[in-house]
**Q** 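This is the structure I want to talk about, given as structure tokens.
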Amino acid sequence: METIVTRFAPSPTGYLHVGGARTALFNWLYSRHMNGKFVLRIEDTDRVRSTRESVDAIFDALKWLEIDWDEGPFFQSERQEIYLKYVNQLIDTGNAYYCTCTPEQIDLMRKKAMETGDKPKYDGTCREKGLGKSDNAVVRFKAPVSGTTLVEDVIKGNIVFQNSEQDDFVICRSNGTPTYNFVVVVDDMTMGINTIIRGDDHVMNTPKQILLYQALGSKLPVFGHVPMVLGGDRARLSKRHGATSVTAYRDMGFLPDAFINYLVRLGWSFGDQEFFTRDELIEKFTLENIGKSAGIFDQTKLTALNADHIKAAAPDTISCHLIPFLKKEGITTQPGDYLNGAIQTLVTRSKTLQEMSDGIGFYFSDDIEFDEKAAKKFLKPGALGPISMLEAKLSALSEPFEEKELEAVFKSVMDDTGLKLGKIAQPVRVALTGTSVSPGIFEIIQVMGKTKVTKRLAAAVDYINERASVE
RNA sequence: GGUCCCAUCGUCUAGGGGUUAGGACAUCGGCCUCUCACGCCGGUAACGGGGGUUCAAAUCCCCCUGGGAUCACCA
């Protein structure tokens, strides 16, 4: 069987957006699933709008998504000679011709056509003139005027286009640079791309490209057009819908595996399964299961899926993605047991890495600041007894703490004071974390260790005394 | 406007002639509980409308409606 070769061909006129990431993902997954090849091509023929920063931003986003490629990146801007060679081939074979009609004339043509209710298209003035190359001439493709062109779309099914709808579109500008529909075909053809999965917005280009493949005498690739990703108002996802940049999701604290899981699942399904690891995606992804209708990007569901991936991920994986967030908070820590332990206590209460980072600070600060409300409510003279008892009992315990031992210690404090666990745990929680919301008290103590815990309990005792004397 | 595509809970979707139309997110109850979560149990909630075909239509066909895409010497 022929090796499947897919590609992702973004134009570097901005960051990688969500929709682009999804087509990249579909192509990448399919090539991986089929044991094929995936090539990256940068479509930077628009010199004015293409920037180096955009290229870097795209690489950056692909790197985060962990999408790698087997060939490329190729830059169209470096392939001009190749395109020109094929332009000449089409002229030589009579499939293209020079046209000297000016843009003004073309405009006039369109206007006239609009008035009479006809299609605004090139009227073929130069089609049979047999003009030679000249300074202001463009090259037009000599499209068939009758018959039909069939697009056999693996996702949408067969789509028939009337050739009479098509006009002699420009394949090479008067300045000598080839146009999009032409370079895409030449690239895909010469790069051996045999499976083209791309956004819905390219459907109308496909018959043009098929005609070009035929004129060039090349075999057709398989086409598949995936539906668009829409915003909450059902319009195509754009800046006004909030974050559309892939890296924005990285910065909000989503795990790449969760993000790709969500993106793939938006428009593709595998029975009732919602959660997929990257390997499962590669194993199960097929073109047949891609849906036909557009989907609305739902950050709430992405967040829920992210929470699931956080629960399923290895602490080391989380830690490596979490460290940049900690850095932002001024927490510098090394990967290792302490960090992993802290992470594990927060895994079930963090939907994003940002949330985790927000809740993990107390493990690393030397002096904790008490949340005012929490301190006022729980660090009262009545808590003095249990806190100091606990401090004493924990000091006597040897490390590492076992959960059972800790339970026993608390139980004995409960017995001695006659207080319920809740009455003891809350003051202790505030003493250890500064707030009234945190992971379970036993797990915190286990992770923090004796030195830190007893120090904080002592500090809380001082705080209470100090406060009492002020009042 | 022309051309093209699409249409199952609010959202993502399963289901493709006979189903109590299933799951997930969200939402609403309840349980669990040292706070917050997690988890568990349960509820509300969908086949856009109209015609056919058929014993039988969410499912096949047509029309309508609605949404989207595209109509460059941009990609």
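Within every chain, numbering begins at 1; the chains are lettered A, B, ... in the order of the sequence lines, protein sequences first and strands thereafter.
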**Q** When every nucleotide of nucleotides 22-32 of chain B is labelled 5' to 3' by its protein contacts under 4.0 Å (heavy atoms), B for base, S for sugar-phosphate only, - for none, what sequence of letters results?
**A** BBBSS------
**Q** Which part of the nucleic acid does A:Gly199 contact within heavy-atom distance under 4.0 Å: base, sugar-phosphate only, or nothing?
**A**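 Nothing, no heavy atom under 4.0 Å.
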**Q** Got a list of side-chain donor-acceptor pairs under 3.5 Å for residues 440-450 of chain A, not counting sequence neighbours?
**A**
{"residue": "A:Glu443", "atom": "OE2", "partner": "A:Arg349", "partner atom": "NH2", "Å": "3.0"}
{"residue": "A:Glu443", "atom": "OE2", "partner": "A:Gly440", "partner atom": "N", "Å": "3.0"}
{"residue": "A:Gln446", "atom": "NE2", "partner": "A:Phe401", "partner atom": "O", "Å": "3.3"}
{"residue": "A:Lys450", "atom": "NZ", "partner": "A:Ser395", "partner atom": "O", "Å": "3.1"}
{"residue": "A:Lys450", "atom": "NZ", "partner": "A:Leu397", "partner atom": "O", "Å": "2.4"}

**Q** Contact class for A:Ser436 vs. all strands (heavy atom < 4.0 Å): base, sugar-phosphate, or nothing?
**A**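 Base contact.
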**Q** Among A:Phe254, A:Phe275, A:Tyr262, A:Phe259, exactly one meets ring pair (Phe, Tyr, Trp, His ring centres under 6.0 Å) together with A:His309. Which residue is that?
**A**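 Checked A:Phe254, A:Phe275, A:Tyr262, A:Phe259 against A:His309; only one passes ring pair (Phe, Tyr, Trp, His ring centres under 6.0 Å): A:Phe275.
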**Q** Side chains of A:Thr352 and A:Glu355: does their closest heavy-atom pair fall under 4.5 Å?
**A**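 In contact.
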**Q** Given B:A75, B:U35, B:C6, which nucleotide is nearest the side-chain atoms of A:Ser11?
**A**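 For A:Ser11, the side-chain atoms sit closest to B:A75.
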**Q** NA contact type, A:Leu421, heavy-atom cut-off 4.0 Å: base, sugar-phosphate, or nothing?
**A**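 Touches a base.
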**Q** Between the base of B:C38 and the side chain of A:Arg349, is there a donor and acceptor pair under 3.5 angstrom?
**A**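 There is none.
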**Q** Applying side-chain contact (heavy atoms from CB on, under 4.5 Å), name anything that partners A:Ile464, two or more places apart in sequence or on another chain.
**A**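 With sequence neighbours excluded, A:Ile464 shows a side-chain contact (heavy atoms from CB on, under 4.5 Å) to A:Leu379, A:Pro381, A:Ala383, A:Leu384, A:Ile387, given in chain and number order.
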**Q** Just call it for A:Thr45: base, sugar-phosphate, or nothing, with non-hydrogen atoms closer than 4.0 Å on any strand.
**A**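 The answer is sugar-phosphate, as A:Thr45 gets under 4.0 Å only of primed atoms, P, OP1 or OP2.
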**Q** Given the structure, check if the side chain of A:Ser174 and the base of B:C73 hold any donor-acceptor pair shorter than 3.5 Å.
**A**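 In this structure, the two groups form a donor-acceptor pair.
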**Q** Taking only the side-chain heavy atoms of A:Leu266 (C-beta and beyond), determine which of B:A75, B:C12, B:C5 contains the nearest atom.
**A**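 Nearest listed nucleotide: B:C12.
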**Q** Can you tell me how far the OG1 atom of A:Thr435 sits from the NZ atom of A:Lys373, to the nearest 0.5 Å?
**A**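 Answer for the OG1-NZ pair, A:Thr435 versus A:Lys373, is 12.5 Å.
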**Q** Across the strands shown, which category fits A:Gly440 at heavy-atom distances under 4.0 angstrom: base, sugar-phosphate, nothing?
**A**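 If one applies the 4.0 Å heavy-atom cut-off, A:Gly440 turns out to touch a base.
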**Q** With a cut-off of 3.5 Å and sequence neighbours excluded, list every side-chain donor-acceptor pair involving residues 20-27 of chain A.
**A**
{"residue": "A:Arg22", "atom": "NH1", "partner": "A:Leu266", "partner atom": "O", "Å": "2.4"}
{"residue": "A:Arg22", "atom": "NH2", "partner": "A:Pro227", "partner atom": "O", "Å": "2.3"}
{"residue": "A:Thr23", "atom": "OG1", "partner": "A:Gly20", "partner atom": "O", "Å": "2.9"}
{"residue": "A:Asn27", "atom": "ND2", "partner": "A:Arg7", "partner atom": "O", "Å": "3.3"}
{"residue": "A:Asn27", "atom": "ND2", "partner": "A:Thr23", "partner atom": "O", "Å": "2.9"}
{"residue": "A:Asn27", "atom": "ND2", "partner": "A:Ile197", "partner atom": "O", "Å": "2.8"}

**Q** Does anything in residues 133-145 of chain A come within less than 4.0 Å of RNA chain B? Heavy atoms only, and list the residues if so.
**A**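 Nucleic-acid contacts, sorted: A:Val138.
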**Q** Applying a 4.0 Å non-hydrogen cut-off, can you work out what A:Phe442 is touching in the nucleic acid: base, sugar-phosphate, or nothing?
**A**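 Touches a base.
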**Q** Please classify the nucleic acid contact of A:Ile159 as base, sugar-phosphate, or nothing, using heavy-atom distances under 4.0 Å.
**A**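 Result for A:Ile159 = sugar-phosphate.
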**Q** P atom, B:U44 versus B:A21: distance in rounded Å?
**A**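 Pairwise P distance, B:U44 against B:A21, rounds to 14 Å.
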**Q** Can a salt bridge be assigned to the pair A:Glu43 and A:Arg41 using a cut-off of 4.0 Å between side-chain N and carboxylate O?
**A**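 A salt bridge links A:Glu43 with A:Arg41.
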**Q** Go through B:C6, B:A75, B:C12 for me and flag the one nearest to the A:Lys292 side chain.
**A**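 Shortest atom-to-atom distance from the side chain points to B:C6.
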**Q** Check nucleotides 60-71 of chain B against the protein and report each pair of N or O atoms closer than 3.5 Å, with its distance, or say if there are none.
**A**
{"residue": "B:U70", "atom": "OP1", "partner": "A:Arg236", "partner atom": "NH1", "Å": "2.8"}

**Q** Picking from A:His225, A:Lys156, A:Lys292, what satisfies side-chain hydrogen bond (donor to acceptor under 3.5 Å, both in side chains) with A:Asp200?
**A**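 So the option named by the test is A:Lys156.
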**Q** Applying the side chain to side chain contact (heavy atoms under 4.5 Å, CB included) criterion to A:Tyr83, which one of A:Thr177, A:Asp187, A:Thr190 satisfies it?
**A**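 Among A:Thr177, A:Asp187, A:Thr190, the one that satisfies the side chain to side chain contact (heavy atoms under 4.5 Å, CB included) with A:Tyr83 is A:Asp187.
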**Q** Reckon A:Pro10 touches a base, only the sugar-phosphate, or nothing at all at heavy-atom distances under 4.0 Å?
**A**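 No contact at all - A:Pro10 keeps every heavy atom at 4.0 Å or more from the nucleic acid.
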**Q** Is the terminal nitrogen or CZ of A:Arg429 (NZ for Lys, CZ for Arg) located under 6.0 angstrom from the six-membered ring centre of A:Phe378 and within 45° of that ring's axis?
**A**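 Because its charged atom misses either the 6.0 Å distance or the 45° angle limit, A:Arg429 does not stack over A:Phe378.
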**Q** Using the ring of A:Phe169 (Phe, Tyr or Trp, six-membered ring only), decide whether A:Lys208 places NZ or CZ under 6.0 Å from its centre and within 45 degrees of its axis.
**A**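 Yes; both conditions hold, so A:Lys208 lies above the ring face of A:Phe169.
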**Q** What's A:Lys121 touching, base or sugar-phosphate or nothing? Going by heavy atoms closer than 4.0 Å.
**A**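 No contact.
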